[in-house]
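Working notes for the structure below.
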Amino acid sequence: MKFNSFVCLCVAGFILLNISGSFCQSDVCGQAPLNTKIVGGEDASAGSWPWQVSIQSSTYGGHFCGGSLISPSWVLSAAHCFPSLPSDTMVYIGRQSQTGSNPNEMSSTVSQVFTHPGYTSSSDNDIALLQLSSPVEYSNYIQPVCLAATGSTVGAGTMSWITGWGKLDPNSHQLPDILQEVEIPIVSDSTCKSAYGSDITDNMICAGLSQGGKDSCQGDSGGPLVVRTGTQWIQSGIVSFGQGCAEPGFPGVYTKVSNYQDWILSYISSDQLGFVQFSSASSYSSKYFVFIMSLIYFIITLLF
């Protein structure tokens, strides 16, 4: 029994995400009280992703990018969404439907947008911060997401979620009315680089299915890629670019949030944010480890 308990503890400890924290706001961020859980996705229920933001402007015909709420007055998004900032840009938080009633949402104009000075046309450093004109109030439907801290790692195979109001079909101009959600695995850097070549830098992570079929698409840009650790959700990526949408062999590419803690903190006080340092082993390594430990346990039971 002692050995059996030891094996269980070892396996659980290896598979689960190892979390340590920064944390001024870590007890608040990443909570989705109403969450019990794009292309190839499905409708999200109200309140499932309370940090999801819809960024809109009449200049661009309404919704044009996504984002994530990271504090009462700040939204994280992608630099490529903002070649300029239309004066009528609005953010909506707590929204589920783009046309129906959203009794739990709040909105604000944007006072300033800060794009990373190292952003390039090849999508390196594709990250932006939006400062809201007025702070929002937290509720079950409006919550900040935690952010992956410097040094965090997400192993290949780690299941993650993307959300947004982007196209359901890359060949259509129609955007969905209801917020979409889809679960996809992280892809190794080597696999991603074999698809995109030198366009992939250390500031990026990739996620998707090798056979395609599930992916972010136009309109999802700037939105969050999140991973769940217990009851807490941590944003590890920002929707950046891809080859088409959901094409086989071409995973989606995301800005690696953990590389930008210092840059984000240069604009926002640390006591407003919830940076969480975590690591997840490759699910493939985890399965191999479980197999080895099970084999060892089987041999010992035969001997003793």
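Keep in mind the model is a prediction, meaning the values are calculated, not measured.
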Qualifying disulfide (SG to SG under 2.5 Å) pairs, either residue in residues 89-124, two or more places apart: none

Pair Ile70-Leu129, side chain to side chain contact (heavy atoms under 4.5 Å, CB included): steps then yes or no: CA-CA 10 Å; Ile70 60 175; Leu129 286 168; 3.8 Å; yes

Backbone of Pro103 reached by a side-chain donor or acceptor of Tyr141 within 3.5 Å: no

Derivation of the side chain to side chain donor-acceptor pair (under 3.5 Å) call for Gln96 and Asn102: CA-CA 7 Å; Gln96 184 194 22; Asn102 291 286; over 6 Å; no

Arg228 vs Met159, side chain to side chain contact (heavy atoms under 4.5 Å, CB included): CA-CA, chis, key distance, verdict: CA-CA 9 Å; Arg228 187 172 186 171; Met159 297 308 294; over 6 Å; no

Test log, rule side chain to side chain contact (heavy atoms under 4.5 Å, CB included), inputs Ser240 and Tyr254: CA-CA 5 Å; Ser240 183; Tyr254 301 79; 5.6 Å; no

Donor-acceptor pair, side chain of Asn203 and main chain of Asn125, under 3.5 angstrom: no

Minimum-distance pair of heavy atoms, taken over all atoms of Ser133 and Ser111: OG-N, 3.5 Å

Nearest-0.5 Å distance that lies between atom CH2 in Trp233 and atom SG in Cys146: 12.0 Å

Backbone of Val226 reached by a side-chain donor or acceptor of Ser236 within 3.5 Å: no

Spacing of Leu76 atom CG and Gln235 atom CD [to the nearest 0.5 Å]: 5.0 Å

Residue pair Ser258 / Ser152, side-chain donor-acceptor N/O under 3.5 Å: no

Minimum heavy-atom distance between Pro251 and Cys192, given as atom pair plus value: CG-SG, 4.2 Å

Side chain to side chain contact (heavy atoms under 4.5 Å, CB included) between Tyr92 and His63, worked out: CA-CA 10 Å; Tyr92 296 89; His63 172 88; over 6 Å; no

Test item: side-chain donor near acceptor, Gln31 and Gln143, under 3.5 Å: no

Donor on one side chain, acceptor on other, Thr255 and Asp126, under 3.5 Å: no

Gln211 atom CD, neighbour heavy-atom count above 12 within 6.0 Å: yes

Nearest-0.5 Å distance that lies between atom OG in Ser107 and atom CD in Glu105: 6.0 Å

Phe82 ring center within less than 6.0 Å of Tyr119 ring center: no

Listed partners of Val110 passing side-chain contact (heavy atoms from CB on, under 4.5 Å), at least two apart: Leu85, Thr89, Val91, Leu130

Distance in Å, Ile162 CD1 paired with Ile184 CD1, rounded so as to fall on 0.5 Å steps: 4.0 Å

No-hydrogen, no-angle side-chain donor-acceptor test under 3.5 Å, Ser123 and His80: no

His116 and Trp263 aromatic ring geometry - parallel, tilted or perpendicular at 30°/60° bounds: tilted

Exercise: do Ser188 and Thr191 side chains pair donor with acceptor under 3.5 Å: yes

Side-chain donor or acceptor of Lys193 paired with backbone N/O of Ser198 under 3.5 Å: no

Backbone of Ser58 reached by a side-chain donor or acceptor of Asp88 within 3.5 Å: yes

Modelled atom types, side-chain donor and acceptor of Thr158 and Ser280, under 3.5 Å: yes

Under 3.5 Å side-chain donor-acceptor pair for Ser160 and Glu183: no

No-hydrogen, no-angle side-chain donor-acceptor test under 3.5 Å, Trp49 and Glu181: yes

Side-chain donor-acceptor pair present, Asp199, Ser122, cut-off under 3.5 Å: no

From Ile186 atom CD1 to Cys206 atom SG, the distance as rounded to the nearest 0.5 Å: 8.5 Å

Any donor-acceptor pair under 3.5 Å from Gln180 side chain to Ile178 backbone: yes

Approximate separation, where rounding is to 0.5 Å, of Ile234 CD1 and Cys29 SG: 7.5 Å

Heavy-atom donor-acceptor pair, Asp220 side chain to Cys217 backbone, under 3.5 Å: yes

